[in-house]
Amino acid sequence: MPNTLGPDYLKNSVWKPHLFDGKVVFVTGGAGTICRVQTEALVLLGANAVILGRNPAKTEKAAKEIATLRPGAKVLGIGNCDVRNIENLTAAVDRTVKELGHIDFVIAGAAGNFLSPFTSLSSNAFRTVTEIDLIGAFNTAKATYDQLREHKGHIIFVSATLHYKGLPFQSHAAAAKAGIDSLTKTLAVELGPMGIQSNGIAPGPIEGTEGFDRLVPEDIRQRSLELIPLGRLGKTVEIADATVYLFSPAASYVTGQILVVDGAEWQSTSGAMNYYPHSVIATGSQDNKL
Ligand code: HXC
């Protein structure tokens, strides 16, 4: 069962229904867990969407399922779209404009990742991941730029916290995400004068996502909870809500920012004191020793 939002999102959310009526969102990696729930929230709030992926069957199935969330929603699934290939993206933009009219919002979310120590990572493996993540993000911005400019649009890059400090087995993905954050800020400055917003969302450990489940085995996951100040994994709905906030008029003056949604996980790995149990950190005492 995919980790999806479902129609209850509207019942339980603080957002106004119809917030995104008339908007169209273009999402790379839209059949993956995180980008899918981001798309679902926007569609439930009135947007139409196009999701892009390499696997046609998976992408088209996800598009059909998302479309069922709201009567009248139009959700296009475009498979065989590899973000490493800008021609794939420009063709997808042309088709979106033809079928859905225009593009207001873009989510650059396609990513590839696996665990590999530097010592066994090949040059081609490093290139493959940085091409999907970083060059794919650039290509997505480039291919959608005319639409973003015409509609004073907003692009959100899906980042991570992998590159904030040293993280083993992630030299490829961390380097790519560092580049994505740089691109986010540069585009905010270069495209701001045209009315385009450029922001990032950096999810922390989110339960039920393909990436987290595959990269973080159960025993490590349990131990990692000790370093998350909020004491739990994040939920996909929390990434959806961050996305809705950024695209909403409430964030109309926010650009060039990377919104970290991680329960303060990365902040809590600064040094030895972080290893005190949460109960001690919260009360400031351990048998009056502090
Ligand atoms: C070492 C590996 C490897 C592995 C592939 N390679 N998997 N090296 N360990 N596990 C190497 C290959 O040997 C090859 O190098 C090179 O990488 C290219 O591999 P291909 O299989 O030809 O590439 P491709 O088919 O394009 O597949 C890309 C991929 C794949 C990244 C390798 O995993 C993929 O398509 N992933 C998409 C889905 C995904 O990963 N989603 C998760 C994103 S999660 P050589 O030298 O042999 O030619 C995320 C957030 C994580 O990003 C945050 C968690 C906390």
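Counting convention: from 1, in listed order, for ligands and their atoms alike. Here, residue 1 is the first one in the sequence, and each next residue gets the next number.
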Exercise for the section: Find all atoms of ligand 1 within a distance of less than 4.0 Å from any non-hydrogen atom belonging to Ala111, and give their numbers and elements. Expected result: 37 (C), 38 (C), 39 (C), 41 (N), 43 (C), 52 (O)
Fill in the blank from the handout: Ile132 heavy atoms within 4.0 Å reach ligand 1 at atoms 28 (C), 31 (C)
Practice task
Using a cut-off of 6.0 Å, state whether more than 12 heavy atoms not belonging to Lys165 lie near its atom NZ.
Solution key: yes
Practice task
Mark whether atom 47 (O) of ligand 1 lies under 4.0 angstrom from at least one protein heavy atom.
Solution key: no
Handout entry: Heavy atom of Arg214, distance to ligand 1 below 4.0 Å
Key = yes
Handout entry: Between His172 and Phe118, ring centroids under 6.0 Å
Key = no
Problem - Closest protein heavy atom to atom 45 (P) of ligand 1, given as residue, atom name and distance to 0.1 Å - result: Ser122 OG, 3.6 Å
Handout entry: Heavy-atom protein contact below 4.0 Å for atom 8 (N) of ligand 1
Key = yes
Exercise for the section: Of the side chain and backbone of Ala125, name the one, both, or neither that has a heavy atom under 4.0 Å from an atom of ligand 1. Expected result: both
Problem - Pair Tyr164, Asp262: side-chain N/O donor-acceptor within cut-off below 3.5 Å - result: no
Problem - Pair Lys64 + Glu60: basic N to acidic O under 4.0 Å - result: no
Practice task
Compute the shortest N/O to N/O distance between Asn113 and ligand 1 and return yes if it is under 3.5 Å, no if not.
Solution key: yes
Fill in the blank from the handout: If we number the atoms of ligand 1 from 1 as shown, the ones under 4.0 Å from a heavy atom of Asn124 are 14 (C), 15 (O), 16 (C), 45 (P), 46 (O), 48 (O)
Exercise for the section: With heavy atoms of Gly211 as the reference, note each atom of ligand 1 found under 4.0 Å away. Expected result: 44 (S)
Problem - Modelled atom types, side-chain donor and acceptor of Asp181 and His163, under 3.5 Å - result: yes
Exercise for the section: Consider only side-chain N and O atoms of Gln147 and Asp104, and report whether a donor and an acceptor are under 3.5 Å apart. Expected result: no
Handout entry: For Arg84, atoms of ligand 1 separated by under 4.0 Å from a heavy atom
Key = 26 (O)
Problem - Side-chain heavy atoms of Arg54 within contact of Cys81, under 4.5 Å - result: no
Handout entry: Over 12 non-hydrogen atoms of neighbours within 6.0 angstrom of CZ in Arg223
Key = no
Exercise for the section: Would you verify that at least one protein heavy atom lies under 4.0 Å from atom 17 (O) of ligand 1, or report that none does? Expected result: yes
Fill in the blank from the handout: Closest heavy-atom pair, Leu134 versus Ile180, reported as atoms and distance to 0.1 Å, is CD1-N, 3.6 Å
Practice task
Please determine if Lys235 and Glu238 form a salt bridge, counting it only when a charged side-chain N lies under 4.0 Å from a carboxylate O.
Solution key: no
Problem - Non-hydrogen protein atom less than 4.0 angstrom from atom 37 (C) of ligand 1 - result: yes
Practice task
Report yes if Thr128 has an N/O atom closer than 3.5 Å to an N/O atom of ligand 1; otherwise report no.
Solution key: no
Problem - Test item: side-chain donor near acceptor, Thr255 and Gln197, under 3.5 Å - result: no
Handout entry: Contact bool for atom 12 (C) of ligand 1 (protein heavy atom, d < 4.0 Å)
Key = no
Problem - Distance from atom 54 (C) of ligand 1 to nearest protein heavy atom, with residue and atom - result: Leu215 CD1, 3.8 Å
Handout entry: Protein heavy-atom partner closest to atom 31 (C) of ligand 1 - residue, atom, separation in Å
Key = Gly112 CA, 3.8 Å
Handout entry: Exceeds 12 heavy-atom contacts within 6.0 angstrom, atom CZ of Arg149
Key = no
Exercise for the section: Check each of Asp213, Thr236, Val237 against Ile206 using the side chain to side chain contact (heavy atoms under 4.5 Å, CB included) test, and report the only one that passes. Expected result: Thr236
Problem - atom 32 (C) of ligand 1: the protein heavy-atom neighbour that sits closest, reported with distance to 0.1 Å - result: Phe114 CE2, 3.6 Å
Fill in the blank from the handout: Note: Val216, heavy atoms under 4.0 Å from ligand 1, region reported as neither
Handout entry: Shortest reach to atom 27 (O) of ligand 1 by a heavy atom, considering only His172, Lys177, Arg54
Key = Arg54
Problem - Spacing of CZ belonging to Phe138 relative to CG belonging to Leu89, to within rounding of 0.5 Å - result: 11.5 Å
Handout entry: Under-4.0 Å heavy-atom contact with ligand 1, by part of Glu265 that carries it
Key = neither
Handout entry: Per-atom contact, atom 52 (O) of ligand 1, protein heavy atoms, under 4.0 angstrom
Key = yes
Practice task
Do me a favour and list the nearest non-hydrogen protein atom to atom 55 (C) of ligand 1 with residue, atom name and distance?
Solution key: Phe212 CD1, 4.0 Å
